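On a predicted model such as this, the values are computed, not experimentally measured, just so you know.
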Amino acid sequence: MFCYALRRVPIWPLQDLRTSLALLTRRGQAFQSRRFYHSSRRGHAPVSGTPLINNDTIYALSSGAGRAGIAVVRISGPGCLDVYKALCPSKPPPAPRYAGVRTLYEPGSVGASQPNVVDTDALVLHFPSPKTVTGEDVLELHVHGGPATVKAVLSAIRKCSSSSKIRYAEPGEFTRRAFLNGRLDLAQVESLGDTLAAETEHQRRAAVRGTSGVLGKTYDSWREQLLLARGEIEALIDFSEDQHFDESPAELLTNVTKLVESMLNSIQLHKLGSQRSELLRNGIRIALLGPPNVGKSSLMNQIVGREASIVSAEAGTTRDIVEASLDIRGYLCSFADTAGIRTKTAEDVCNPDGTPASAVGAIEQEGIRRARQKALDSDVIIVLGSVEPANAGGHRISYDAETLQLAAGAQQCLVAVNKADLVSPEALKLLIQDFKSSALAAIEGLRDAEPLAISCRAAMSPSAAGLADPGGIHELTEKLAQSFANLTSVPSDMQHLLGVTERQNQLLSECERHLLDFMAEAKKSGAYDEPDVVLAAEHLRLAAVQLASITGRGESGDVEDVLGVIFEK
């Protein structure tokens, strides 16, 4: 085969050396590759390098720590029934998956004149393997949730005798055993951690999408397809000496390239799902922009429901970025109140009493720079203007052109006009129409924007109590929630994509890179630049390794390196 490779490839020194080295590597791994290929057709291969599960029986408090009505203690391993017999020696175990009420005793104290009762009326359930949460025998003790009772039960379990070692579980060990016993794949394990850490409704929904197992099945399906494609290519390598092929290697790889093209399109969808799920997990970043004294700090305080920012009539009060996190309609949000953006001269900026605002100093200038950067880093921008008295009489809408330009470049933006209570509804309508035609119409991305009229003063007024939407703040919040939905929505038949995590996204990017390398190799044409089928097969193998790393199955050598980090969450 080595001689054949040298004979087949044109005499180009670098290409010749590269192909020869690749062939040596592939031939040296031939037996292992064939064995792996056929074993993968039968089912999931074991994780490479992962140690076997030890024979210990582990236990831990599975419910939250602290005082509660009920505490759940979970025991997993071959010694579950030994633990039960030590704690409840006078009664047989309850039927599998049926609850039984038992009195728990200190191990070895039943024969004494005064047995030491650990807990009364405890609920006991026994789940025989393999259809359990860990794939092993599982015993659950639902005991009274007082701290002293829980401590006494855990201490009693440690004293039980069994043929296997009984010890307290390490962090994440129950989940690790579920993974190693095939009850969960690594994608489900990650989603389980997200489920436990979810603080908002949409975080919970995204996490549930990942625990369904759809993602793991999809990645395993892709990996299976790559294995089949590798089988075709390796057959081409093995039999090309004995069989006469009229087609060129590029033509023989046509079926595989079609498969890879379809897979690349699917990977793009999964990466898009990852971007949207990250917004749900880490929070949507919102920046409040506008010139000084338009009411950014007042608006932020109204939305977050507390005095997060200092409110003052003096221009340029906010010098640094003030941030606050909150839950809006089930979305985790991070609000940032920024410094008012104005020029160094500040000739057109005045305090409410009509006196000119102070010139922009070095500290405020740095705050403005940070405001611009925060706007560039944000997912949603609320650009704020305000109704102000005009020099020639009447009123005008004060705004900053630069903030409008920044808002137009955001993924989602809202335009709001504060201090709507200063003019009549008819005058406000005319002002907003003029604002749209003169300012917004000139900026690409804001031509269709509909400014929202709000009044932070009206919302804070004691007379606003009981009103449906004082100051229009609720309407603004609803518009914000709609913009969040636009950022994170996916079609109903692809909701499982919200379970894609950042780790999976990175591995998918690596898989995509190897598949693109395959496509570049497979589409070579010409007498002196025909595809190298050995290198093409290697690119597919590397892509399959990345997919195996996502689920923790197959020939992935680095899976063990990430197990500890994931399970301990």
Query raised in the report: Sub-3.5 Å donor-acceptor pair from the side chain of Asn505 to the main-chain atoms of Thr501, do we have one?
Result: no

Report task. Can you sort out the partners of Asn265 under side chain to side chain donor-acceptor pair (under 3.5 Å), two or more places apart, ordered by chain and number? Result -> none

Query raised in the report: With Thr57, which residues qualify under side chain to side chain donor-acceptor pair (under 3.5 Å), at least two apart?
Result: Ser164

Which atom pairs, one a donor and one an acceptor, fall under 3.5 Å between side chains of residues 270-277 and the rest of the protein, sequence neighbours left out?
residue: His270; atom: ND1; partner: Ser266; partner atom: O; Å: 3.0
residue: Lys271; atom: NZ; partner: Glu512; partner atom: OE1; Å: 2.8
residue: Arg276; atom: NE; partner: Leu487; partner atom: O; Å: 3.4
residue: Arg276; atom: NH1; partner: Ser489; partner atom: O; Å: 2.1
residue: Ser277; atom: OG; partner: Gly273; partner atom: O; Å: 3.2
residue: Ser277; atom: OG; partner: Ser274; partner atom: O; Å: 2.9
residue: Ser277; atom: OG; partner: Arg281; partner atom: NH1; Å: 2.9
residue: Ser277; atom: OG; partner: Val500; partner atom: O; Å: 2.7

Restricting to side-chain contact (heavy atoms from CB on, under 4.5 Å), what partner residues turn up for [X], sequence neighbours left out?
X	answer
Ala481	Arg329
Val150	Leu61, Ala71, Leu154
Asn486	Gln412, Gln482
Lys217	none

Query raised in the report: Under the criterion side chain to side chain contact (heavy atoms under 4.5 Å, CB included), which of Ile157, Asp119, Val153, Val118 is the partner of Leu87?
Result: Ile157

Is there side-chain contact between [X] and [Y], with at least one heavy-atom pair below 4.5 Å?
X	Y	value
Ile328	Thr477	yes
Ile166	Tyr59	yes
Val117	Tyr105	yes

[X]: partners by salt bridge (Lys or Arg N to Asp or Glu O under 4.0 Å), with sequence neighbours left out:
X	value
Asp379	Arg285
Glu170	none
Lys479	none

Query raised in the report: So, Thr103 and Thr120: side-chain donor and acceptor under 3.5 Å apart, yes or no?
Result: no

Requested in this report: Taking atom types as modelled, find out whether Glu136 and Ser129 have a side-chain donor-acceptor pair closer than 3.5 angstrom.
Outcome: no

Query - salt bridge (Lys or Arg N to Asp or Glu O under 4.0 Å): pairs with one or both residues in residues 67-86, sequence neighbours excluded - result: Arg74-Glu140

Query - Contact list for residues 91-118, test salt bridge (Lys or Arg N to Asp or Glu O under 4.0 Å), sequence neighbours left out - result: Glu106-Lys159

Requested in this report: Before accepting this row, confirm whether a basic side-chain N of the pair Glu538/Arg230 lies closer than 4.0 Å to the acidic partner's carboxylate O.
Outcome: no

Requested in this report: Answer yes or no: are there more than 12 heavy-atom neighbours, outside Ile70 itself, under 6.0 Å from its atom CD1?
Outcome: no

